[in-house]
Amino acid sequence: MSDSPSTTEPEATVSNAQPISAGIVTALVGFTSSFAVLLTGLSAVGANATEAASGLLVLCVTQALGMLWLSRRYKIPITLAWSTPGAALLAGAGAVHGGWPAAVGAFVVVGIAIVLTGLWPTLGKIIAAIPTPLAQAMLAGVLLPLCLAPIFAVRDAPLAVVPVIVVWLAAQRFSKRWAVPLAFLTAAVVICISLTTTDNNTLDVGAMIPRVDLTMPSWSWQALVGIAIPLYIVTMASQNIPGVAVMKSFGYTVPWRPSMVVTGLGTVLGAPAGGHAINLAAISAALAAAPTAHPDPKRRWIAASTAGWAYLVLAAGSAAVAALVAAAPAGVVETVAGLALMATLAASLTAALSDATEREGAVVTFLIAASGVSVLGIGSAFWALLVGLIVRAVLTSGPLTSLRSRS
């Protein structure tokens with residue numbers, strides 16, 4: 001009997017190596033595959049380089065703490081992420097009335113709305129009632145200009161951009177999950193070569209030290225309508241709801257109320273430092289919840305917990321990454337961001353157009369969102385969804401519906 005502890009302990013240590021490595025991979029893939037999109041989005045709504053770097057730092061920390069608590073409390077591999085579709089939406093929205101403080105105020109409102117979604121089930125039902133094709137069409141329209149960026153970058157700076165695209169394409173052939181991280185590594189090499197071979201060295205060494213830059217939130221109705229509402233809808237429809245579905249596919253039931261409260265409060269607390277939204281991970285959730293993380297489903301929570309610790313480490317280097325991005329030649333960062341979003345664009349277009357009865361409304365929504373038009377200081381994402389809902393209502397109600405079906 002005295003020999004049993006010594007024999008089981010090594011087995012536990014060996015078995016833990018698998019979820020620990022899965023957690024590290026989850027964090028690395030999640031960070032490197034979308035941080036360029038995040039920095040682009042924050043900058044678009046008015047953040048300067050320091051404020052954008054602060055946003056990247058605080059998002060790493062808040063989602064890390066949320067993962068550590070949720071995974072240990074419920075012993076399931078709940079992973080969190082910043083809202084990549086939300087960051088893409090910010091990139092398309094651009095600056096709003098009130099500037100960066102108004103954008104920060106919109107982030108606070110999004111966090112409060114997420115908390116209310118967990119505490120008030122009716123709000124969750126309202127979001128779930130938004131037709132999926134329209135929500136996905138809105139997202140696809142927002143993503144399109146970003147995904148076109150690599151094409152324009154090839155035209156304007158082929159020597160800097162083509163190597164990034166070639167590496168991404170080659171990696172797609174062998175390991176899709178590492179395609180964007182490898183593209184970023186290639187971009188980092190391109191940036192370093194540019195810094196060492198040109199006289200105009202724009203790398204700010206002082207900015208590589210991580211620091212939190214706080215902004216007092218302000219509120220404008222343009223920011224609330226043009227940023228807060230679309231950001232909340234995209235975060236819920238493209239991250240939280242799919243995240244629950246991904247976890248369910250692996251046999252896990254996500255504790256909805258605690259998850260929404262944790263991510264909502266994390267968003268509220270992180271907003272003054274530049275964090276736009278944290279949420280349940282969707283695509284990257286499979287890295288920690290799948291059998292590859294551990295054969296025993298009861299041990300996979302270790303992967304999510306490890307991912308939390310890994311994000312705290314990445315937070316320490318986030319400012320250096322942001323400074324490197326700020327020094328990049330024109331087109332390089334935009335290319336990485338565009339490549340990172342192509343899979344999301346493809347999935348959004350598929351979901352938007354899969355139902356033939358919803359296609360007219362989805363196409364209208366997509367076109368308006370992609371246009372980037374701003375009316376009354378409100379970005380195209382809000383108008384896209386509003387007009388899409390109107391088109392859908394006209395085409396799916398009353399006697400017109402039967403005439404349309406006969407034709």
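Numbering of residues begins at 1 and proceeds along the displayed sequence.
Going from atom OG1 of Thr267 over to atom CG of Asn279 covers 7.5 Å, rounded to the nearest 0.5 Å. Taking CD1 of Ile278 as the start and OG1 of Thr62 as the end, the distance is 4.0 Å to the nearest 0.5 Å. The distance from atom CG of Leu28 to atom CH2 of Trp178, rounded to the nearest 0.5 Å, is 5.5 Å. The OG atom of Ser371 sits 12.0 Å away from the CH2 atom of Trp383 when rounded to the nearest 0.5 Å. Taking CG of Leu139 as the reference point, atom CD of Gln239 lies at 9.0 Å (rounded to 0.5 Å). Distance check: Glu334 CD to Leu339 CG gives 11.5 Å after rounding to the nearest 0.5 Å.
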**OP:** Go through Met236 and Tyr232 one step at a time and tell me if the side chain to side chain contact (heavy atoms under 4.5 Å, CB included) criterion holds.
**Re:** CA-CA 6 Å; Met236 294 300 302; Tyr232 169 66; 3.5 Å; yes
Subject >> Candidate pair His97 and Trp221, rule side chain to side chain contact (heavy atoms under 4.5 Å, CB included), full reasoning >> reply: CA-CA 8 Å; His97 181 75; Trp221 68 269; over 6 Å; no
Subject >> Thr50/Arg211 under side chain to side chain contact (heavy atoms under 4.5 Å, CB included): CA gap, chis, key distance, verdict >> reply: CA-CA 8 Å; Thr50 302; Arg211 61 180 179 180; 3.6 Å; yes
**OP:** Before giving the answer on side chain to side chain contact (heavy atoms under 4.5 Å, CB included), spell out for Leu38 and His276 the whole-Å C-alpha distance, their side-chain angles and the decisive distance to 0.1 Å.
**Re:** CA-CA 9 Å; Leu38 171 64; His276 69 302; 3.4 Å; yes
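Annotation for Ala135 and Ala237: closest pair CB-CB, 4.2 Å, computed over non-hydrogen atoms. Shortest non-hydrogen contact noted between Val61 and Ala315 is CG2-CB, 3.9 Å. In this structure, Ala303 and Ala293 approach most closely via the heavy-atom pair CB-CB, 4.3 Å.
For the pair Leu349 and Phe366, the minimum side-chain heavy-atom distance is below 4.5 Å. Side chains of Thr132 and Glu358 form no contact here, defined as non-hydrogen atoms less than 4.5 Å apart. In this structure, Asn48 and Asp213 have side chains that are not in contact, with every pair of non-hydrogen atoms separated by 4.5 Å or more. Under the 4.5 Å side-chain criterion, counting only non-hydrogen atoms from C-beta, Thr84 is not in contact with Thr344. Between Gln18 and Pro295 the shortest side-chain heavy-atom distance falls below 4.5 Å. In this structure, Tyr252 and Lys248 have side chains that are not in contact, with every pair of non-hydrogen atoms separated by 4.5 Å or more. A 4.5 Å side-chain heavy-atom check between Phe184 and Phe31 finds every atom pair outside the cut-off. The shortest side-chain heavy-atom distance between Val321 and Ser318 does not fall under the 4.5 Å cut-off.
Side-chain N or O atoms of Ser220 include one that pairs as donor or acceptor with a backbone N or O of Ala223 at under 3.5 Å.
Tested against Ser259 for a side-chain contact (heavy atoms from CB on, under 4.5 Å), the candidates Val254, Val244, Ile114, Leu80 yield a single pass: Val254.
Residue Trp309 places its CH2 atom among 12 or fewer non-hydrogen atoms of other residues, nucleotides or ligands, all under 6.0 Å distant.
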